[in-house]
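So the structure is just underneath, and the comments pick up after that.
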Amino acid sequence: MAFATKLVNREAILDQCTPIMQEKHRPQYERLLAMLRPPVRQVIFGEGPRQKAIGGKYVLYRHEFTYTNPTVIAVDVTDEMSDQELTSRVETVEEFTYRYIGQDLRLDALAIRSLSEEPKTFQKVVKNIVSKTDLPIVLCSISPEVIEAGLAAASMNRPLVYAANTSNWKDMAELSIIYRTPLVASAPQDMDELRSLVRTLVEYGVQDIVLDPGTFSTDGLARTVNRFSMIRLAACRQDDSLFGYPIMATPMVVWANRDELPEILKWQEACLTAILITRYADLVVVHGLDGWSLLPNLILRQNLYTDPRKPVAVEPGIRTLGKAGTSSPLLMTTNFALTYYTVAADIESFGLDCHLMVVDSEGLSVESAVAGRKLTAEKVADALRQTGVGEKIDHRKLVIPGRAARLSGEIEELSGWKVLVGPLDSSGLQKFIHEKWAAVQ
Amino acid sequence: MDERQDDLTEILAKIPSNLIDLLSRYREIELHDVELELDELELILPSMIAPTIKTAKPSERPLELIKETFKPQPIRYVAAITEVRLGATRSEGGSRDRVLIIGGETSPLLQDPQASMKNPPVISLDVFDTKIPLAKPVKAHFAEVLEDPVAWSRLAVEKFGSEMVNVHLTSIDPLVKDTKPAEAAKTVEDILQEVKVPVSVGGCGDPQKDLEVFERIAEMAKGERLLFNSVTLDMNIERIARAIKENEHAVIAFTPMDMNKARELNRKLFGLLPRDQIVIDTTTAALGYGLDYAFTTMERTRLAGLMGDQELAQPMASGTTNAWAAREAWMKMPPEWGPTELRGPIWEAITALTLLLAGVDYFMMMHPAAVRTLKDTIQNLRSIKEYEPAIVDWVKVRPVWG
Ligand code: B12
Ligand code: SF4
């Protein structure tokens, strides 16, 4: 039963259940597998440790169940870029990392676009790329000859092929079957056509399909969001198996605008990306590579793909950080997860040895908690008493966040401890400990 | 100063576009000394279950496209979100030159294009009655008016096209300046004189002080249909509701990211106040700083309202300015992360766009470029065009800028 719960909660997979894996239970296994299969199929591309799975969604809304397989962010390169330019873009994608509450946020894939429409040229660039990186790739051209040339150079990489449309579908389907690659079905603006394509590809024997309903900004934005929503709704609520595939978005269309400056286009691309990450895109292709335009979407993706069942707050109490001993500083913060992780990460990165007292502020940040009377001098004094932190240290000094400065006098009165008001932001802690704390020792 | 900065400053200076204008009000981009940790990413792929699909025998493969159709079947919802009027014209007993209506939705945004966004969401710029710490890129736009809420209000409306103003009486906080109710009321009165758009009045968060101040202002501005921000569970709800009702205003019922608390507060209010005077705020946290909770609470609240949960079928407000709480919005970071003059406003813009999709009807915002982006997006999302825009082959795009 416990295992069954885990299965339903996606904390275990059916293949881990030994009894049912016996041959005699094969029918039950198949039935359970079908029951557990998500309404949006999962499609995998790439090979090796950086392989990516997209789709595999169980629900329309995040609160119904955790969204699986965070949206893959692919960056474009073209077959007209110089080797130098390719190298530089690949390196940027490879190295792009942002440390965020204990995780590294990164970019996931490359979309190689054929501008030349020359099979040889495309092949050369694909070869070049796969020799440089093991990032998953998307091969982009509507010419089957060009795609085939690309596939020949990347046959071991399980690339995603973009795209089959109503004119080239047969050739693309053949290639997809021969090379065992997933295939995008593309029918911008025409949902009948998109379903027809999927149906035909399925009948043809293509197993892994990704949907491209077309991405439009400005005057096409409403329809784009509507189509993405309707596809996901049909899959999750109306058992539409033809729309039960991952959706691909191409916010880089904004770069077709030749009248705007690059900062504006990056801005628009980032906004369009955010809208479509929120509304069901499983894969996005972007062109802009600036930190400021990519970072918000990396974080948005992380946020939306977290488990909505986990609480906002962390456990109150005492944390011992680094090699804190009896004379190490005692700092205080609130139990809002973000406040706690931010402060703890700062302390860790500065290599400070200290005790951190996490006060129950009902999951509020420092300033909101002070303003909302959820962090009061009484609570701090109580925490000092109840945690017994006084037994761990031989001094009676407490460093409070700068944003809780107004509580300092009252804390001193109620607890008898000396209060030192720390910096407003925990990024100033290193300096503070080295200067102010050292001075009172 | 390195080359990148010069470049950017130069580009920003030359750009005629309105948006870039709003972004470009800064002189220097500071570099940062913090090192980023470039740890290796540990990739954990979810286990995959191989689907059982039969591959068609070559002989059975289709030769022609098999025609399928798609009939959109948007979910039909039973209820509509209450409409709330903000501001009152002279004939209605106020002195505003326009009235704004929020709410009225009968479907989640763009699931059913015919049914969504009956009334466009309203964007309101924040104005503070006392100098408060603001992020540099925001300050750049309001530097001259930071200590003058009246001038600030005018700037918000005239220069940045704010549809409402959102005055925060931060100074009334007993722990800040403890401004007296009469003085706070005077500030609001002056603002009502100066601008003719509907006005929202925010307190300091102290339940007792806010109540006193709100009562005073409600009476002073009887009939103006101000939007009071906010009533909370720890206030004397009867008194505040009476002040709102007797003086014909509206109020934001604010609860900390908890649908049950939102229901509880509304239950209490419904007995005291007509529903069309209540907006709910289930709390906004910044992108990266709890936006997931804010988004999901709002999305659930909206769906519940549409599905007939009367206690949640009210228009929603968002303190989108909270986006600036994220370090990534205001903090100097190494140059590869760009200047806060871009990072900050896009942080606010993306926080807003995400919450727009969750169903927010009333946005309280700060940076003009973020406001502009949200405004344009609302415009675009509201008008499903008769025509289909030309298809752009993104595979063949040759960006001018390389
Ligand atoms: C998000 C937010 C909220 C959210 C809180 C979500 C949550 N879980 O915390 C909600 C919407 C619930 C909220 C509510 C309120 N809020 Co509020 N809120 C904010 C906002 C936008 C960001 C706060 C935040 O998340 N910061 C991020 C976290 C990580 O920061 P932090 O906890 O402070 O931690 C940092 C520092 O304090 C420091 N630090 C932390 N620990 C330690 C420890 C040591 C030793 C040191 C040295 C440093 C340190 O480093 C950390 C990292 O930078 C701020 C505005 C702003 N721009 O800051 C207003 C703000 C804090 N809120 C404010 C107010 C008034 C309120 C309310 C009273 C409003 C109301 N009318 O009801 C309520 C109170 C809550 C209640 N009723 O119980 C005011 C406070 C004004 C004041 N100075 O008194 C602010 C400043 C907004 C404003 N400008 O008016 N709020
Ligand atoms: S699959 Fe059957 S044997 Fe395995 S856990 Fe579920 S109920 Fe038990």
Side-chain angles (χ1 to χ4, degrees), chain A residues 13 33 49 53 61-63 97 99 104 106 113 140 166 188-189 191-192 195-196 199-200 203-205 207 216 218-223 225-226 229-230 238 250 252-253 255-256 258 261-262 264 270-271 274-275 278-279 287 290-292 295-296 299-300 303-304 306 308 312 338 371-372 406, chain B residues 15 17 19-20 37-39 41 43 45-47 49 53 55-56 61-62 65-70 72-73 110-111 113 175 205 287-293 296 299-300 328 336-338 342-343 346-347 349-350 353-354 357 373 380-381 384-385 388-389 391-392 394-397 399-401:
Chain A
I13 60 158
L33 202 57
Y61 295 114
R62 178 176 178 268
H63 61 263
T97 314
R99 185 91 184 151
D104 283 325
R106 308 194 59 172
R113 304 188 287 128
C140 310
T166 45
Q189 294 177 346
M191 302 279 267
D192 293 343
R195 271 183 110 247
S196 307
R199 167 89 198 275
T200 313
E203 299 280 329
Y204 207 90
Q207 308 201 346
F216 299 85
T218 56
D219 56 351
L221 183 64
R223 282 183 193 272
V225 175
N226 175 244
S229 304
M230 291 321 297
Q238 286 138 13
T250 55
M252 74 153 291
V253 289
W255 292 87
R258 307 180 70 84
L261 284 151
I264 295 289
C271 290
I275 290 171
T278 310
R279 279 297 171 249
H287 176 73
D290 283 32
W292 66 267
L295 186 58
I299 293 193
L300 177 65
N303 284 183
L304 293 180
T306 52
V312 204
L338 192 79
R406 58 170 89 157
Chain B
I15 301 171
S17 149
L19 177 60
I20 214 74
E37 292 168 53
L38 296 167
D39 286 359
L41 174 75
L43 245 189
L45 268 187
S47 318
I49 304 170
I53 299 178
T55 308
R61 288 174 182 173
L65 198 69
I66 308 166
K67 288 271 185 268
E68 284 281 343
T69 54
F70 178 66
Q73 291 172 265
L110 284 170
Q111 250 176 41
L175 301 170
L287 171 60
Y289 282 62
L291 179 64
D292 35 346
Y293 299 102
T296 286
E299 189 167 64
R300 289 183 71 181
E328 289 82 358
E336 64 268 30
W337 302 105
L342 292 167
R343 233 191 305 119
I346 200 150
W347 219 263
I350 287 183
L353 292 173
T354 309
L357 294 167
T373 299
N380 286 329
L381 288 180
I384 285 239
K385 299 284 188 296
E388 291 278 4
I391 294 179
V392 179
W394 67 275
V395 174
K396 293 303 202 42
V397 163
V400 179
W401 306 98

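No hydrogens, no waters, no symmetry mates; every other heavy atom, side chains included, goes into these values. So that the names make sense, note that chain A is the first sequence line, chain B the second, and so on, each numbered from 1.
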Heavy atoms of A:His63 and B:Thr296 approach each other most closely as CB-CG2, 3.5 Å
B:Leu110 and A:Asn226 have their tightest heavy-atom pair at O-ND2, 2.8 Å
> Do the non-hydrogen side-chain atoms of B:Ile391 and A:Gln189 ever get within less than 4.5 Å of each other?
Replying inline: yes
In this structure, OG1 of A:Thr200 is separated from CG of B:Leu65 (nearest 0.5 Å) by 4.0 Å
The reported gap from CG in A:Asn303 to OH in B:Tyr289 (rounded to nearest 0.5 angstrom) is 11.0 Å
Looking only at A:Ser196, A:Ala270, A:Gly291, the option with the highest number of non-hydrogen pairs under 4.5 Å against chain B is A:Ser196
Minimal heavy-atom distance between A:Gly220 and B:Pro389, with the atoms involved, is CA-CG, 3.6 Å
Do the non-hydrogen side-chain atoms of A:Glu203 and B:Ile66 ever get within less than 4.5 Å of each other?
yes
Bottom line for A:Gln238: the part with an atom under 4.5 Å from chain B's heavy atoms is side chain
Most heavy-atom pairs under 4.5 Å with chain B, out of A:Met191, A:Met252, A:Met230, belong to A:Met230
Between A:Thr278 and the options B:Leu353, B:Ile350, B:Leu357, the side chain to side chain contact (heavy atoms under 4.5 Å, CB included) test singles out B:Leu357
Residue set satisfying side chain to side chain contact (heavy atoms under 4.5 Å, CB included) with B:Lys396, at least two apart, ordered chain then number -> A:Leu115, A:Glu117, B:Asp393
Applying a strict 4.5 Å limit to non-hydrogen atoms, the region of A:Ser229 in contact with chain B is side chain
One should read off an interatomic distance between B:Arg300 CZ and A:Tyr61 OH, to the nearest 0.5 angstrom, of 12.5 Å
Sorted by chain and residue number, the ring-ring contact (aromatic ring centres under 6.0 Å, His included) partners of A:Trp292 (sequence neighbours excluded) come out as none
Check your understanding: Would a 4.5 Å heavy-atom cut-off, applied to side chains only, mark A:Val253 and B:Val397 as touching?
Key -> no
*Stepwise, does the side chain to side chain donor-acceptor pair (under 3.5 Å) test hold for A:Thr306 with B:Asp292?*
CA-CA 8 Å; A:Thr306 52; B:Asp292 35 346; 3.2 Å; yes
Distance col, row A:Asp290:CG vs B:Arg343:CZ, nearest 0.5 angstrom, shows 11.5 Å
- Item | Pair B:Glu388-A:Arg223, salt bridge (Lys or Arg N to Asp or Glu O under 4.0 Å): steps then yes or no | CA-CA 9 Å; B:Glu388 291 278 4; A:Arg223 282 183 193 272; 3.6 Å; yes
Is any NZ, NE, NH1 or NH2 atom of the basic residue among A:Arg99 and B:Glu328 found under 4.0 Å from an Asp or Glu carboxylate oxygen of the other? no
Considering only heavy atoms from C-beta outward, does the side chain of B:Trp394 approach that of A:Cys140 to under 4.5 Å?
-> yes
request  = Determine yes or no for a side-chain-to-main-chain donor-acceptor pair under 3.5 angstrom, with A:Arg113 supplying the side chain and B:Val395 the backbone.
outcome  = yes
dist A:Asp219:CG -> B:Asn380:CG (nearest 0.5 Å) comes out at 7.0 Å
Heaviest contributor of heavy-atom pairs below 4.5 Å to chain A, chosen from B:Leu287, B:Leu291, B:Thr354, is B:Leu287
Would you say the side chains of A:Asp192 and B:Thr69 form a donor-acceptor pair under 3.5 Å? no
Q. So do A:Ile299 and B:Trp347 actually touch side chain to side chain, heavy atoms under 4.5 Å?
A. yes
